[in-house]
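We name chains A, B, ... by the order of the sequence lines, and we start the count at 1 in each one.
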2 protein chains.
Amino acid sequence: MSHTPVGIRQTQKLRTRQALLDAALALLEHQSLSSLGLREVTRAAGVTPTAFYRHFEDTAALGVALVEETLGSLHGLIAAVLTETGDSEERLDRSVAVIARHVGAQPAHFRFIAREQHGGVGPVRAAIAAQLRRFAEEVACALGQESGAAGWSEEDLLMLGGLYVDHMVITTSTLLEAGPEGEAEVVRVARRRLRLVTIGRAHWLDEG
Amino acid sequence: MSHTPVGIRQTQKLRTRQALLDAALALLEHQSLSSLGLREVTRAAGVTPTAFYRHFEDTAALGVALVEETLGSLHGLIAAVLTETGDSEERLDRSVAVIARHVGAQPAHFRFIAREQHGGVGPVRAAIAAQLRRFAEEVACALGQESGAAGWSEEDLLMLGGLYVDHMVITTSTLLEAGPEGEAEVVRVARRRLRLVTIGRAHWLDEG
DNA sequence: CCGTTCGGAGTACGAGTGTTCACTGACTCA
DNA sequence: TGAGTCAGTGAACACTCGTACTCCGAACGG
């Protein structure tokens, strides 16, 4: 992939950068980015305030980096799940399960995304929107290669992809609100919702 | 309704209270509640910081009041639109139109809701969640009285009501992001999404 | 009419904020 | 090996912040 220089200096710099990101993410569990202080982050990361500027210009820039870290590695994953074999019911269950697993594994990251998707920091909002748009396009592309997609316009595929992605985001934040003990119920409802959408999809061309 | 005492004192108090709410709402256009300062609000409202405490304990309490102001008056409205006569296509268009009109009329209020729905202030999140749950129940109730609702379990009606409400919220924030010039396109896509859900609804019992 | 209530003003305090500057010392590389 | 680079330090800057006081004066109620 990208060049990963092994200089002691570079690695140490990356280590501090990651410490800042981790500290910020931990603090963002109970507040939003626009109220996150630069000093607050550096204190939690065990670094002086000035060191922050070696890595990020703003707390906003740090937020954008967090967006990349969270969503950047997810591309292709959803599309992959959708293109796996199995009937639509199976694929549906698997999609929801994948989401639940990821959210359970790194809740702080997804809480951050849910919170800042409409949050007060413009650049971060834009970064999230861009990533979600890419997801929608990927899903639309995957759907377009299915057998049932004959006769669907590109616009409608994008509409459907966006619907799935938005539903994925909603499910994510609902999972976070419910906590581990409420997960099963949330998954149940999410599956039903997806099934309803799938049924609508199957009959879309009948009544378009 | 509620008692509205006409004392000079009471009215003046309500006036400043409203000034605080309006000032806060204006400031919240470009930031989120958790970064909103008490002094900032009072400065914009033209009062001293100490006066704030006569009306709200916190900025969080002010946020809850804003939630009530925005969503409290909307109850019954959606259900009313849904129970009006006309075929499902008409009702669907009317629902989207009503949303677009409300968002266009008071964008700041709805931006606030979208932003704080997953924001960093717990009590406000809870207040919004409670209101949205009420909406979902109202929609579910309205749907239950339609002719096509025979055979639907109460749980599935609630699932569907929640789906509609969540979609309403998404549409709202998408409208806000798009601005007035992008409104037509957003409305187009929102209508299509709703139509797909409606189709799924019509065939729900066939394949349940 | 007069004592009480109370919304709001004014002042002051300590704590925390973002940003700047000169500096240090370990790493880099010719 | 020696000059240069640069991630991170520490002190200081000028703010803003939330909150606790005391006090004023207009509106209230008996």
Exercise for review: Would you mind telling me which residue lines up with the more 5' stretch of DNA chain D, Arg9(B) or Asp58(B), judged by nearest nucleotide?
Suggested key: Asp58(B)
Check your understanding: Any side-chain N or O of Thr16(B) less than 4.0 Å from the OP1 or OP2 oxygen of dG7(C)?
Key ->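 Negative; the distance criterion is not met.
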Integer-rounded Å distance: [N] [atom2] and [X] [atom1]:
| X | N | atom1 | atom2 | result |
| --- | --- | --- | --- | --- |
| Gln10(B) | dT5(C) | CD | P | 16 Å |
| Phe52(A) | dT19(C) | CZ | C1' | 12 Å |
| Lys13(B) | dC6(C) | NZ | P | 9 Å |
| Phe56(A) | dT19(C) | CZ | P | 15 Å |
| Arg43(A) | dG16(C) | CZ | P | 7 Å |
| Glu57(A) | dG18(C) | CD | P | 15 Å |
| Leu38(A) | dT20(C) | CG | C1' | 13 Å |
| Leu62(A) | dG18(C) | CG | P | 12 Å |

Check your understanding: Taking Gln31(B) for the side chain and Gly120(A) for the main chain, is one N or O donor matched with an acceptor at less than 3.5 Å?
Key ->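 No: the side chain of Gln31(B) does not pair with the backbone of Gly120(A).
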Point to revise | Five-pair end axes of the helix from dC1(C)-dG30(D) to dA30(C)-dT1(D), angle between them (10°) | key: 30°
**Study point:** Nearest-0.5 Å distance, CG of residue Leu176(A) to OG1 of residue Thr171(A)
**Key:**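 Here the interatomic distance stands at 11.0 Å.
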Exercise for review: Nearest 0.5 Å please: distance from the OG1 atom of Thr42(A) over to the NE2 atom of His55(A).
Suggested key: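 So the OG1 of Thr42(A) and the NE2 of His55(A) are separated by 11.0 Å.
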We want to know whether [X] and [Y] form a side-chain donor-acceptor pair, criterion being a heavy-atom distance below 3.5 angstrom.
| X | Y | value |
| --- | --- | --- |
| Thr198(B) | Ser88(B) | no |
| Glu69(A) | His109(A) | yes |
| His75(B) | Gln131(B) | yes |
| Ser35(B) | Ser35(A) | no |

Answer yes or no: is there an ion pair linking [X] with [Y], defined by an N-O contact shorter than 4.0 Å?
| X | Y | answer |
| --- | --- | --- |
| Arg134(B) | Glu137(B) | no |
| Arg111(A) | Glu29(A) | yes |
| Arg201(B) | Glu146(B) | yes |

Review point. Is the base of dC6(C) touched by the side chain of Arg54(B) through a donor-acceptor pair closer than 3.5 angstrom?
Key: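 In this structure, the two groups form no donor-acceptor pair.
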Revision key, fill the gap. Which of Arg193(A), Arg192(A), Arg195(A) passes salt bridge (Lys or Arg N to Asp or Glu O under 4.0 Å) with Asp156(B)? Answer is Arg192(A)
Could you write out each protein N or O paired with an N or O of nucleotides 11-13 of chain C at a distance under 3.5 Å?
none

Point to revise | Residue met sooner reading DNA chain C from 5', once Tyr53(A) and Val47(B) are mapped to nucleotides | key: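 This one resolves to Val47(B).
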Review point. Going through the checks in order, is the salt bridge (Lys or Arg N to Asp or Glu O under 4.0 Å) test met by Arg91(B) and Glu84(B)?
Key: CA-CA 7 Å; Arg91(B) 284 203 306 268; Glu84(B) 275 179 19; over 6 Å; no
Point to revise | Along DNA chain D, first and last positions that approach a heavy atom of chain B under 4.0 Å | key: dC17(D) to dC28(D)
